[in-house]
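No hydrogens, no waters, no symmetry mates; every other heavy atom, side chains included, goes into these values. In this chain, numbering begins with 1 at the start of the sequence shown.
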Amino acid sequence: MLDRSTWTRTARVSRTSYPIADAGKVLDLFASGATVVLQALHRWWPPVARFCRDLETALTHPVQANAYLTPAGATGL
């Protein structure tokens, strides 16, 4: 796992600073073979949230969704 500073930048809201993903850094890392992981996708994309809820109902077990994007020719998780 990369140090957070390799793929984030600082955003300021009022007097508070927060690390946020830097799209340029993430794209550079992806181009060099890094896998991009989108964790808890079910919390941010309504179609995936509905799919997970339906699957939970069918399986009677909690479900979550993550996405792993690995460039062609690279080895991911």
Side-chain angles (χ1 to χ4, degrees):
M1 178 174 267
L2 297 172
D3 178 85
R4 183 179 295 212
S5 64
T6 345
W7 55 273
T8 63
R9 65 182 175 84
T10 301
R12 291 190 57 84
V13 178
S14 294
R15 296 180 183 175
T16 307
S17 295
Y18 297 94
I20 62 171
D22 182 312
K25 289 179 181 180
V26 171
L27 288 173
D28 288 345
L29 288 165
F30 183 77
S32 68
T35 296
V36 175
V37 181
L38 304 174
Q39 294 181 336
L41 198 53
H42 60 286
R43 293 184 181 178
W44 308 107
W45 194 15
V48 173
R50 284 190 297 276
F51 174 75
C52 286
R53 281 195 309 269
D54 291 346
L55 198 53
E56 285 177 341
T57 301
L59 299 174
T60 65
H61 195 277
V63 173
Q64 71 176 38
N66 299 324
Y68 300 85
L69 307 167
T70 302
T75 303
L77 299 173

My understanding is that only residues two or more places apart in sequence, or in another chain, count here; which of them pass side-chain contact (heavy atoms from CB on, under 4.5 Å) with [X]?
X: Asn66; answer: Gln39, Gln64, Tyr68
X: Leu55; answer: Phe51, Leu59, Val63
X: Pro47; answer: Trp45, Arg50
X: Ala49; answer: Arg53

Can you list everything that forms a side chain to side chain donor-acceptor pair (under 3.5 Å) with [X]? Sequence neighbours excluded, please.
X: Thr70; value: Thr35
X: Thr6; value: none
X: Thr57; value: none

### Message
Let me check something: do Leu29 and Leu69 share a hydrophobic cluster, defined by ILVMFWY side-chain heavy atoms less than 4.5 Å apart, either directly or through other members?
### Response
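Looking at the clustering, Leu69 is in the same group as Leu29.
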
### Task
Grab the two heavy atoms, one from Pro71 and one from Ala34, that are nearest each other, plus how far apart they are.
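Reported closest heavy-atom pair: CD-O, 3.3 Å.
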
### Message
Strictly by side-chain hydrogen bond (donor to acceptor under 3.5 Å, both in side chains), give each pair with a member in residues 11-22 just once, sequence neighbours left out.
### Response
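Those involving residues 11-22 are Arg12-Ser17.
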
### Task
Please confirm whether the backbone N or O of Ala65 pairs with a side-chain atom of His42, one donor and one acceptor, at under 3.5 Å?
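Answer holds: yes.
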
### Query
In the hydrophobic clustering that connects Ile, Leu, Val, Met, Phe, Trp and Tyr at side-chain heavy-atom distances below 4.5 Å, which members other than Ile20 occupy its cluster, ordered by chain and number?
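Its cluster partners, ordered by chain and number, are none at all.
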
